Amino acid sequence: MQWEEEMCIVSGNNRAVDGKPPKTVVELWCRTRSGHSVTLLVDGLRPYLVVAESGSPRPASESAAGLDYLRGMDEVVEITSVGDKWTRLGEKPHWKIEVRQPYEIRRLRKRIQDAWVVTSADILFVQRLLLDCDLGPHILARGEVLWAGERAPLEARDEQTSDRAIAAGRIADVGGVGIYPTDMVVSCTLDNLAKTEPFRTPFVTFSFDLETSIQSNRILCAAAVIDRGGERSEHTFRGEEGDIMEGLTSLVRLEDPDIITGYNIDNFDLPRMEERTDVLAGRSKMEAAALYGWGRVPMLQSENKRLFPTRQQNRVWRIPGRIPLDAWWQVHTSTLRPQRETLSYVSKLLWPEDEDKHKLDIDASQMDREWAERPDEVLEYCVRDTVLPLDILGRLQSVARKEALASVSMTTVETASAGTTSQWIDSLVIRLADRSNVAVPTTNSGPRRRDQIAGGYVHEVDAGISPWVVVLDFKSMYPSIMIANNICPTTLVRDDSTDDSYNVSPTTHTSYRSKDERIGLVPHLLEQLMQSRDKHKAALTAARDAGDEAEAFLQDQMQYAVKILMNSFYGVFASSFYRFTHPDIGASITEWARHNIRDIIAQVESDGHKVVYSDTDSIFVRAPVNKQAPINRPDEGEESFVDWEEAKRETLQFGERLAERFTREGAELEFETALSAFFSHGAKKRYVGRVVWPREEMLIRGYEVRRTDSFALLTSTMTEMFEMILSGEEWAAVEMTKAVIDDVKGRKVDAADLVISRSCKGTLRRNGTVDFSKIYDNPDGLPYVRAAKERIRRGLPFTPGMKVGYIVINAKSSPMTVEPWLVDEIDEDPPKYDPDYYARRLAKSLGRITEAFGWSEAELLSGSRQQSIFDF
DNA sequence: CAGGTATCCTAC
DNA sequence: TAAGGTAGGATACCTG
């Protein structure tokens with residue numbers, strides 16, 4: 001039976017079929033637009049690499065003998081000339097060498113790399129399919145239905161497709177094996193796949209949580225929630241450990257989720273499942289599969305390598321056909337930036353009103369006792385901890401973002417989710433390189449130490465307040481520079497030739513060929529991305545105007561993904577290992593950037609305007625307004641309100657004038673914000689502004705207020721201080737600060753406001769314990785490591801990379817004495833803090849700021865309020 | 001106790 | 001091995 005539907009590729013893999021002739025089937029695990037899961041078995045692509053003669057270009061005819069030798073090799077199936085391709089040494093004839101199986105590529109590469117330049121030899125076979133067929137994640141697929149399970153659409157089910165034995169036979173005929181745990185299995189060929197417009201896929205997500213014994217590591221109970229396009233079902237598991245694990249595994253295979261989530265699953269639940277599988281199943285792979293066979297492949301002995309979640313070293317987990325997506329990691333890498341990252345803290349932050357979401361009832365450090373005494377409550381707590389990760393992913397729009405990034409970078413959702421920046425860039429660059437006859441070098445492996453390239457320019461900043469300041473910045477500075485100067489490995493002039501048409505960098509004179517001679521791959525892609533972002537933004541506005549929320553959401557995700565991707569180009573090309581990298585490329589981009597911004601600074605200053613600050617692509621300029629104009633917005637009735645309005649109007653005009661004057665083709669300087677006051681204590685990357693346009697707000701950068709390793713009292717005191725300073729009430733700011741410091745000294749402050757929190761690394765040993773010494777030179781010399789160790793000792797969870805909260809209880813000793821902050825997690829009294837330490841920290845951080853007005857740290861700390869200020 | 005090193009976190 | 005970049009501020013600890 002033929003089937004055609006739009007679907008989204010979750011992830012892919014390949015299966016070697018050792019028949020006669022041998023072939024390779026690509027498995028694409030997809031979710032259809034209407035919500036069915038499909039395994040697509042794609043036939044017709046053969047693995048290959050591309051070679052050229054080493055050394056200077058020679059005519060193709062001179063390579064005949066070498067090619068004959070290649071043709072005689074076992075693994076080589078076919079050799080085809082693919083004509084001339086661009087290389088670093090000029091245009092050269094290239095040949096495509098097809099082999100039997102993907103795993104033979106690496107061996108062949110090693111065997112021939114002395115005689116040939118081997119290219120396109122390190123590309124995953126699934127990625128090869130997307131590249132060669134020019135597909136993204138959203139496809140229209142047509143093929144023969146081989147299996148249609150109970151959840152498949154009725155029309156797809158007939159006598160053949162719903163009969164397991166018949167289906168298994170037909171799957172074997174096309175190179176698969178057994179019955180995949182998806183709703184449908186469909187076979188097709190390359191030409192049955194086509195790119196479609198992006199849509200929002202109704203993915204199925206499985207969230208789970210284990211409660212385990214602290215004494216024996218045994219799993220006591222588990223819970224899981226399935227989210228199927230917004231509809232949720234809850235499941236709980238108790239009893240024998242093996243039954244719990246089999247229950248979870250059956251549920252995974254039955255519900256067939258695309259995404260597997262939970263809180264801290266990467267470092268806790270998944271490794272714990274693996275460890276317990278080892279304990280219970282020993283060496284029997286099939287017993288193990290019943291416990292933990294979560295891979296989206298048939299439950300067969302022959303699939304035993306792909307049935308299990310795996311990870312290399314301490315990297316991301318892989319579950320064939322599915323995407324592990326740890327809600328904790330999503331929080332950690334989101335813009336949320338919570339001070340602490342425990343599930344309860346994050347839930348409170350996201351849903352402060354919703355008591356049910358964060359009421360604390362189980363002491364996780366006493367799990368064995370809790371489980372013995374009140375198992376029902378433990379199970380309820382366990383269920384809650386599976387629901388919250390789903391809510392968190394929803395709030396952070398994690399899945400929608402991955403899908404949009406997959407669409408823009410034309411990769412699978414898995415690559416967008418777990419892949420690296422260079423894989424996203426590869427997907428676009430290699431695709432275009434293949435179509436432009438540019439050879440694709442392999443990634444440089446091995447350690448690559450090289451001198452750092454110079455980065456952006458940061459302007460010195462004076463201590464104090466500057467009234468009425470405009471902020472301008474370059475729109476997409478690095479991408480714009482790359483486009484304007486045609487910067488690309490394929491246009492880089494690699495000899496010392498010169499030509500008037502070249503784009504030459506300002507100081508090291510790195511040269512790139514002109515667009516007329518050859519358009520670089522990178523500028524071409526960036527230009528397309530810029531246009532596509534504009535298109536998505538226009539579509540977003542149109543959808544909003546039309547009241548189409550779903551479409552607006554999709555377009556917003558897409559434009560954001562384009563932005564992320566565009567900004568990733570510079571980093572990848574400036575890295576030391578990327579396949580197309582050259583040190584001069586990264587260095588010349590920043591060179592142009594420094595030159596452009598310094599040039600503007602010089603011109604603005606020669607016009608007599610003070611440049612207050614500048615960082616990389618931004619410039620802060622004092623606006624020429626009446627010196628008497630107030631900084632504070634007066635009430636509308638007040639006399640001075642007119643002056644304030646006048647100053648604002650003049651500032652806006654000044655900003656617009658500067659933007660217009662310095663905007664060039666390919667270097668757009670945008671007027672971003674107007675400040676009625678700018679303050680810094682004189683350190684780069686640390687400033688505060690009172691924004692009056694486009695909205696009224698306070699802008700803080702760099703200061704402790706922005707830092708997740710600050711403590712709440714410092715953050716709130718400093719914020720208040722900035723508000724006062726920007727209102728011209730410096731004296732009051734100092735008095736307020738002194739009062740706070742006095743309170744700390746008198747122990748009148750709540751310890752919860754003094755929790756310091758820092759990320760702590762570590763490597764997980766296979767038995768679940770954490771090794772700190774691999775990462776830190778002197779782990780016990782770091783307060784947060786000591787706090788983490790104490791957490792572990794007390795039976796509380798610690799996972800590498802997690803933020804650890806602690807209180808300093810004695811800073812007079814060296815090293816200082818700290819205690820972990822456990823009040824969020826267990827019912828105990830807060831530690832007694834060291835008042836002198838916190839008073840000193842406050843005085844130091846706040847004193848740096850008040851120093852700008854003549855009050856030193858020592859004066860803040862002295863405690864006596866200096867009424868004598870009035871004497872001046 | 002000054003100065004150097006290791007480490008974290010942020011701005012862009 | 002696998003891998004986006006540099007600039008910059010700040011803190012704790014250790015050494016001499």
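Quantities reported herein were computed from a predicted structural model and do not represent experimental measurements. Within every chain, numbering begins at 1; the chains are lettered A, B, ... in the order of the sequence lines, protein sequences first and strands thereafter.
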(message) Heavy atoms only, 4.0 Å cut-off, all strands: where does A/Y687 land among base, sugar-phosphate and nothing?
(response) sugar-phosphate
(request) Remember a base hit wins even if backbone is also touched, and classify A/Y784 as base, sugar-phosphate or nothing at under 4.0 Å, heavy atoms. (result) sugar-phosphate
(request) For the pair A/Y703 and A/H681, evaluate ring-ring contact (aromatic ring centres under 6.0 Å, His included) and give the outcome as yes or no after the intermediate values. (result) CA-CA 10 Å; A/Y703 280 110; A/H681 73 279; 5.4 Å; yes
(message) Nearest whole Å is fine: how far is C/dA3 P from A/D122 CG?
(response) 12 Å
(request) Give A/I453 one of three labels, base, sugar-phosphate or nothing, depending on what nucleic acid heavy atoms sit under 4.0 Å from its own. (result) sugar-phosphate
(request) Under 4.0 Å between any heavy atoms, over every strand shown, what does A/M816 touch: base, sugar-phosphate, or nothing? Just pick one. (result) sugar-phosphate
(request) Name the nucleic acid region contacted by A/G571, choosing base, sugar-phosphate or nothing; use a 4.0 angstrom heavy-atom cut-off, strictly under. (result) base
(message) Expressed as a whole number of angstroms, how long is the span from A/R841:CZ to C/dA10:C1'?
(response) 9 Å
(request) Find out whether A/E790 and A/E819 are in side-chain contact, i.e. whether some heavy atom of one side chain is under 4.5 Å from a heavy atom of the other. (result) no
(message) What I'd like to find out is whether the side chain of A/E704 reaches to under 4.5 Å of the side chain of A/R848, using heavy atoms alone.
(response) yes
(request) Could you check whether A/Y613 gets within reach of a base, just the sugar-phosphate, or nothing at all, counting any heavy atom under 4.0 Å? (result) nothing
(message) Checking base pairs now: Watson-Crick or wobble, both atom distances under 3.5 Å. What partners C/dA3?
(response) none
(request) Check every strand shown and say whether A/H681 touches a base, only sugar-phosphate, or nothing at a heavy-atom separation below 4.0 Å. (result) sugar-phosphate
(message) Between P on C/dA7 and CD on A/E460, what's the gap in Å once rounded to a whole number?
(response) 14 Å
(message) Nearest whole Å is fine: how far is C/dA10 C1' from A/E857 CD?
(response) 13 Å
(request) Indicate, with a heavy-atom threshold strictly under 4.0 Å, whether A/R706 touches base, sugar-phosphate, or nothing. (result) sugar-phosphate
(request) Could you please spell out the steps behind the side-chain contact (heavy atoms from CB on, under 4.5 Å) verdict for A/Y578 and A/V429? (result) CA-CA 12 Å; A/Y578 186 55; A/V429 174; 4.1 Å; yes
(message) Side chains of A/S480 and A/M530, heavy atoms from C-beta outward: is any pair under 4.5 Å?
(response) yes
(message) For A/F679 and A/F853, take the angle between the two ring planes, folded into 0 to 90°, and tell me which bin it lands in: parallel under 30, tilted 30 to 60, perpendicular over 60.
(response) parallel
(message) Is the phosphate of C/dG4 approached by A/Q423 (side-chain N or O, under 4.0 Å from OP1 or OP2)?
(response) no
(request) Inspect the contact between A/D836 and A/K812 and indicate whether a charged nitrogen and a carboxylate oxygen are less than 4.0 angstrom apart. (result) yes
(request) Indicate whether A/F577 forms a stack on C/dA3; treat it as stacked only if centroid distance is below 5.5 angstrom and interplanar angle below 30 degrees. (result) yes
(request) Select base, sugar-phosphate, or nothing to describe what A/G586 touches, counting heavy atoms under 4.0 Å on all strands. (result) nothing
(message) Whether A/T421 contacts C/dG4 is assessed here as follows: a side-chain N or O lying under 4.0 Å from the phosphate OP1 or OP2. Is that the case?
(response) yes
(request) Give A/R758 one of three labels, base, sugar-phosphate or nothing, depending on what nucleic acid heavy atoms sit under 4.0 Å from its own. (result) base
(message) Classify A/F569 by what it touches in the nucleic acid, base, sugar-phosphate, or nothing, heavy-atom distance under 4.0 Å.
(response) nothing
(request) Could you tell me how the ring of A/F772 sits relative to the ring of A/Y776: parallel (under 30°), tilted (30 to 60°) or perpendicular (over 60°)? (result) parallel
(message) Heavy atoms from C-beta onward define the side chain here; which of C/dG5, C/dC13, C/dT6 lies closest to that of A/Q452?
(response) C/dT6
(request) Using the closest heavy atom to pick a nucleotide of DNA chain C for each, name whichever of A/D709 or A/P783 lands nearer the 5' end. (result) A/D709
(message) Does C/dT11 have its OP1 or OP2 closer than 4.0 Å to a side-chain nitrogen or oxygen of A/R848?
(response) yes
(request) Starting from P on C/dA3, measure out to OH on A/Y578 and report it in whole angstrom. (result) 13 Å
(request) In whole angstrom, give the distance that lies between atom CZ of A/F711 and atom C1' of C/dT11. (result) 12 Å
(message) Please classify the nucleic acid contact of A/R579 as base, sugar-phosphate, or nothing, using heavy-atom distances under 4.0 Å.
(response) nothing
(message) Tell me if the centroids of the rings in A/Y806 and A/Y784 come within less than 6.0 Å of each other.
(response) no
(request) Using atom CG of A/L782 as one end and atom P of C/dC14 as the other, report the distance to the nearest whole Å. (result) 9 Å
(request) Give me the first and last nucleotide of DNA chain B, going 5' to 3', that has any atom under 4.0 Å from a heavy atom of chain A. (result) B/dA6 to B/dC12
(request) May I ask you to test the A/L754-A/F711 pair for a side-chain heavy-atom distance under 4.5 Å? (result) yes
(message) When you measure from the side-chain N and O atoms of A/R786 to the phosphate of C/dC13, is any distance below 4.0 Å, counting only OP1 and OP2?
(response) yes
(message) Over all strands shown, is A/S618 touching base, sugar-phosphate only, or nothing at heavy-atom distances under 4.0 angstrom?
(response) nothing
(message) Does C/dG8 have OP1 or OP2 under 4.0 Å away from a side-chain N or O of A/K684?
(response) yes
(message) Heavy atoms only, 4.0 Å cut-off, all strands: where does A/N778 land among base, sugar-phosphate and nothing?
(response) sugar-phosphate
(request) Take atom P in B/dC12 and the same atom in C/dG4, then report the distance between them in whole Å. (result) 23 Å
(message) Quick check on C/dA3: is either OP1 or OP2 less than 4.0 Å from any side-chain nitrogen or oxygen of A/S422?
(response) no
(request) Figure out the OH/P separation between A/Y703 and C/dA10, and round it to whole Å. (result) 8 Å
